[in-house]
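The next block holds one structure in the form of structure tokens; read it before the comments.
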Amino acid sequence: MDNQKIMESFLQLAFDSSSILTGDYFKEEKYHLLLEMMCKTLEFDYGELWILNEDGDQLIKSHISTVLDPSLIEFANYSHTISFAFNHGLPGITWAKKAPIWVDNVQLEPSFIRQEKAKEFSIITGVTMPIFIYDYLAAVFFIFSKKQKKQHPMFLPLLNNISNNLGYSLMQHNLQQELANANEQIESLKDINLKTIDRIFSLKDPYTITHQKMVGEFALKIAKELDLDSKTVKQIHIASLLHDLGKIAIPQEILSKPTMLNKEEYELVKRHPETGYNVIVHFPFDDDIKRMILEHHERLDGSGYPYKKTKKDLLFGSQIIAVADMVEAMMSHRPYRPALSTDQVIAELKIESNVKLDKTICDVAISLLQKNQKIDL
């Protein structure tokens, strides 16, 4: 394409993608429409979508694809037989870099493990685009052309903008779904003005709704295994679903930073339990729920935050959320590292057991993990 046609296609891509992202579509529909639109507008021959497997450690090809050149159907079918780990293969490298990648000729790219198939089907240029929701990878787009494409300086920044907007769109959908689910599943939340929580989150990107949901599910399993009374179980579930509410006060560039935080950044993050408590303190929750939100980062030996409380000063529910929070964090991809394996998580729990974390709770968590009771990360 000449420069004028390239600019026209970029403008069309920006306009069409905006319509898709703001439209009332389910996540899979947005993926499909966006992938098809990218291939048609940019004149690429084939596009595929890679998603995380159930364990969250491998990218696998989804059922969503766009085949504009029928000769590539067999290539699309072959791609279902492979997968990519973090930082391996172009989708895995895209996962690690958190940015689009352009490859002039995939037949000559060492990190493209389908080189021979690319030669067989005359595939040349390849472009990836990652989608992140909060700091969690959601998917990787991969589009291909049988023609040699010339990269334009505006192309990758445009893709990055589309990627960020899609991630934000999916965040908003997750937030609305999370609040709706909480309202349906937990009777106590029916007394809360959910619109107020929605307004709080709308002040900036909702970073950790998915994380809170996963912590809530695992904390609920632990509480039930411990045979706690129904009121306490419900309190633990509610508190765990809202435990990171205070992260609304932390800039997203800190929450999604691809490297370890510096001292000043970490001190800012450590304020979120108290911020969350201050947000929720005037809602009609039991006081114990508010305390659990405040105490979920405290540790038995006084090494936690914000108040360095020790075991004698902590609610048992706070200690359950602390364990569930730690497990979910370790089993999830972070900007600076991939998800840990179940064995690694269990090993870490054994180290912290009876030191920072309650031994009884750790034993139950380990038992649940060993029984392969699913945590839907």
Side-chain angles (χ1 to χ4, degrees), residues 134 178 181-182 185-186 188-189 192 197 207-248 250 269-281 283 285-332 345 348-349 352-369 373 375-377:
Y134 320 115
E178 178 70 16
N181 289 342
Q185 295 172 7
I186 305 174
S188 297
L189 284 181
I192 302 172
I197 294 179
Y207 307 119
T208 52
I209 299 300
T210 299
H211 165 73
Q212 292 184 135
K213 177 182 176 182
M214 300 305 106
V215 173
E217 290 181 2
F218 198 49
L220 184 61
K221 290 178 182 178
I222 294 173
K224 288 182 176 179
E225 284 289 314
L226 289 167
D227 200 26
L228 302 181
D229 64 87
S230 60
K231 180 181 178 180
T232 302
V233 170
K234 186 177 293 185
Q235 289 174 336
I236 291 169
H237 194 197
I238 296 172
S240 57
L241 286 172
L242 297 171
H243 74 280
D244 272 346
L245 181 62
K247 286 188 176 178
I248 191 172
I250 303 171
V269 169
K270 285 166 64 176
R271 298 177 189 173
H272 79 268
E274 190 169 17
T275 302
Y277 174 82
N278 290 335
V279 168
I280 216 72
V281 69
F283 284 92
F285 285 124
D286 294 337
D287 288 342
D288 282 354
I289 293 174
K290 300 170 187 177
R291 274 190 62 186
M292 291 177 202
I293 293 171
L294 181 64
E295 295 177 352
H296 74 274
H297 270 293
E298 300 287 3
R299 297 295 182 258
L300 305 188
D301 61 357
S303 63
Y305 58 84
Y307 299 126
K308 298 188 179 300
K309 292 184 177 182
T310 56
K311 181 174 182 176
K312 63 182 177 64
D313 299 315
L314 297 175
L315 288 177
F316 192 61
S318 304
Q319 298 172 53
I320 289 177
I321 297 173
V323 172
D325 185 34
M326 182 175 174
V327 169
E328 196 283 329
M330 289 190 290
M331 297 191 76
S332 298
V345 173
E348 190 64 26
L349 285 176
E352 302 292 353
S353 176
N354 216 29
V355 180
K356 296 178 183 292
L357 305 173
D358 182 86
K359 184 179 186 305
T360 301
I361 299 171
C362 285
D363 288 345
V364 170
I366 290 170
S367 176
L368 288 170
L369 292 171
Q373 294 201 14
I375 307 174
D376 187 17
L377 302 179

Within this structure, what is the [atom1]-[atom2] distance for the pair [X] and [Y], rounded to the nearest 0.5 Å?
X    : Y    : atom1 : atom2 : value
T360 : Q319 : OG1   : CD    : 9.5 Å
T275 : L294 : OG1   : CG    : 10.0 Å
D244 : D325 : CG    : CG    : 6.0 Å
S318 : R299 : OG    : CZ    : 10.5 Å
I293 : I280 : CD1   : CD1   : 5.0 Å
K309 : D301 : NZ    : CG    : 15.0 Å

Please report the closest heavy-atom contact between [X] and [Y], naming both atoms and the distance.
X    : Y    : result
H296 : I321 : CB-CG2, 3.8 Å
K308 : G304 : CG-O, 3.4 Å
K290 : V281 : NZ-O, 2.7 Å
V233 : L228 : CG2-O, 3.6 Å
E352 : M326 : CG-CE, 3.6 Å
A223 : I236 : CB-CD1, 4.1 Å

Full working for side-chain contact (heavy atoms from CB on, under 4.5 Å) between H243 and Q212: CA-CA 7 Å; H243 74 280; Q212 292 184 135; 3.8 Å; yes

Backbone N/O of [Y] and side chain of [X]: donor-acceptor pair under 3.5 Å:
X    : Y    : result
S240 : H237 : yes
D286 : D288 : no
D358 : I361 : yes

Stepwise, does the side-chain contact (heavy atoms from CB on, under 4.5 Å) test hold for T232 with F316? CA-CA 10 Å; T232 302; F316 192 61; over 6 Å; no

Whether over 12 other heavy atoms sit under 6.0 Å from Y305 OH: yes

K270 NZ: over 12 foreign heavy atoms closer than 6.0 Å: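 Yes, NZ of K270 has more than 12 neighbouring heavy atoms, counting only those of other groups under 6.0 Å.
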
Give the C-alpha distance, both sets of side-chain angles, the deciding distance and a yes or no for side-chain contact (heavy atoms from CB on, under 4.5 Å) between V327 and M331. CA-CA 6 Å; V327 169; M331 297 191 76; 3.9 Å; yes

Can you tell if the side chain of P306 reaches within under 4.5 Å of the side chain of E298, non-hydrogen atoms only? yes

Anything under 30° is parallel, anything over 60° is perpendicular, the rest tilted; go ahead and classify H272 against H297.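 Perpendicular.
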
Carefully, step by step, assess L226 and I320 under the rule side-chain contact (heavy atoms from CB on, under 4.5 Å). CA-CA 10 Å; L226 289 167; I320 289 177; 3.9 Å; yes

